[in-house]
Amino acid sequence: MSSTKPKTIDQYISSFPSDVQQALRQIRETVREAAPEAEETISYDMPTFNLNGTYLIYFAAWKKHIALYPVSAALADSLRNDLQGFKGTKGSVHFPLDKPMPLELISKIVAWRLEENSKS
C-alpha cells in the first residue's frame, strides 16, 4: 500500500495488487448488498461502512490476509462453526488471500452486525 492515506474506498483498493483488489471489491460489494443503507467512508485508514451514526464493518488488507472488524465475542460464539478454520484476533477475523473470500460468511457477519447495531 502506498504511504499516502486514502480518502475513499476506491483509493484504498487501488493501492493494492490486482488480485488483492479483486478480493477487496468482492467484500465491498458483499457488504453493500447486505447493508445497502450503510455509508462508505475511511476510518482508521480502513474501508468502513457506517450506519445510523455508528460503524458497522471495517475491513483491511494485510500481507497475507484481509481482516474484517469488529467481531464481538457474541458474534464469534454464534458463528463459531462458520468461523472454524479462520484465524483472527479478539475483535477480527482473517481471511487468507490465497483462498476464495467466504462471501456468504461475510454476509452473515454483516447481518449479525446489523442486529447488534439495532440494539444499541
Side-chain angles (χ1 to χ4, degrees):
M1 190 169 148
S2 75
S3 61
T4 305
K5 292 185 176 199
K7 291 183 174 48
T8 67
I9 292 179
D10 287 327
Q11 287 176 348
Y12 181 90
I13 291 172
S14 70
S15 69
F16 289 92
S18 62
D19 57 330
V20 178
Q21 287 182 32
Q22 180 181 356
L24 290 167
R25 283 190 199 101
Q26 289 175 329
I27 292 171
R28 180 189 200 182
E29 188 58 34
T30 300
V31 175
R32 278 183 175 165
E33 288 174 9
E37 294 85 28
E39 297 178 26
E40 292 187 355
T41 189
I42 295 289
S43 185
Y44 300 106
D45 298 327
M46 294 184 283
T48 305
F49 284 81
N50 290 326
L51 187 63
N52 301 326
T54 186
Y55 64 87
L56 179 68
I57 289 286
Y58 295 89
F59 60 95
W62 301 95
K63 188 173 183 177
K64 295 185 179 189
H65 67 274
I66 295 176
L68 194 70
Y69 313 84
V71 175
S72 66
L75 187 156
D77 187 52
S78 177
L79 298 178
R80 182 181 322 119
N81 291 338
D82 295 298
L83 293 169
Q84 282 184 353
F86 295 106
K87 295 180 180 181
T89 63
K90 184 178 179 182
S92 71
V93 61
H94 299 173
F95 303 121
L97 286 170
D98 62 353
K99 296 193 167 117
M101 290 294 111
L103 302 178
E104 187 175 316
L105 173 56
I106 292 168
S107 288
K108 285 182 180 181
I109 292 170
V110 174
W112 181 271
R113 290 287 302 135
L114 285 166
E115 184 67 24
E116 278 185 326
N117 277 14
S118 72
K119 294 175 183 174
S120 52

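In this text the structure is predicted, and so the values were computed from the model without any measurement.
Hydrophobic clustering of Ile, Leu, Val, Met, Phe, Trp and Tyr side chains at less than 4.5 Å, counting indirect connections, keeps Y58 apart from I27.
Atom OG1 of T30 is separated from atom CZ of F59 by 9.5 Å, given to the nearest 0.5 angstrom. The line from CZ of R80 to CD of Q84 is 8.5 Å long, rounded to the nearest 0.5 Å. Taken from CZ in F95 to CH2 in W62, the straight-line distance is 15.5 Å, to the nearest 0.5 Å. Taking CH2 of W112 as the reference point, atom CG of D82 lies at 11.5 Å (rounded to 0.5 Å). Taking CD from E40 and CG from D10, the interatomic distance works out to 7.5 Å, rounded to the nearest 0.5 Å. I66 CD1 to L24 CG: the interatomic distance, rounded to the nearest 0.5 Å, is 4.0 Å.
When atom types are taken as modelled, the side chain of Y69 and the backbone of A60 share no donor-acceptor pair closer than 3.5 angstrom. T48 places a side-chain N or O within 3.5 Å of a backbone atom of M46 that can act as its donor or acceptor partner. Checking side-chain atoms of N117 against main-chain N and O of Y55 turns up a donor-acceptor pair under 3.5 Å. Looking at S78, its side chain never comes within 3.5 Å of a backbone N or O of A74 through a donor-acceptor pair.
A side chain to side chain contact (heavy atoms under 4.5 Å, CB included) with L56 is found for one member of E39, E37, R113 and no other, namely R113. The residue from N50, T8, I9 that alone fulfils the side chain to side chain contact (heavy atoms under 4.5 Å, CB included) condition with T41 is N50. The only member of I106, V71, I109 that meets side chain to side chain contact (heavy atoms under 4.5 Å, CB included) when paired with I57 is I109.
Side-chain contact between D19 and L97 is absent, with no heavy-atom pair separated by less than 4.5 Å. At a threshold of 4.5 Å between non-hydrogen side-chain atoms, the residues E116 and S72 count as touching.
In this pair, H94 and H65 present their aromatic rings parallel. The plane angle is below 30°, not in the 30 to 60° band.
Around the CD atom of Q11, the shell of radius 6.0 Å holds more than 12 heavy atoms that belong to other residues, nucleotides or ligands.
Residue A61 comes nearest to V20 through the heavy atom pair CB-CG1, 3.8 Å, listed as atom of the first residue, atom of the second, then distance. Summarising the geometry of M101 relative to A23, their closest heavy-atom pair is CG-CB, 3.8 Å, with the distance given to 0.1 Å.
A donor atom on one side chain and an acceptor atom on the other are found under 3.5 Å apart for Q21 and R25.
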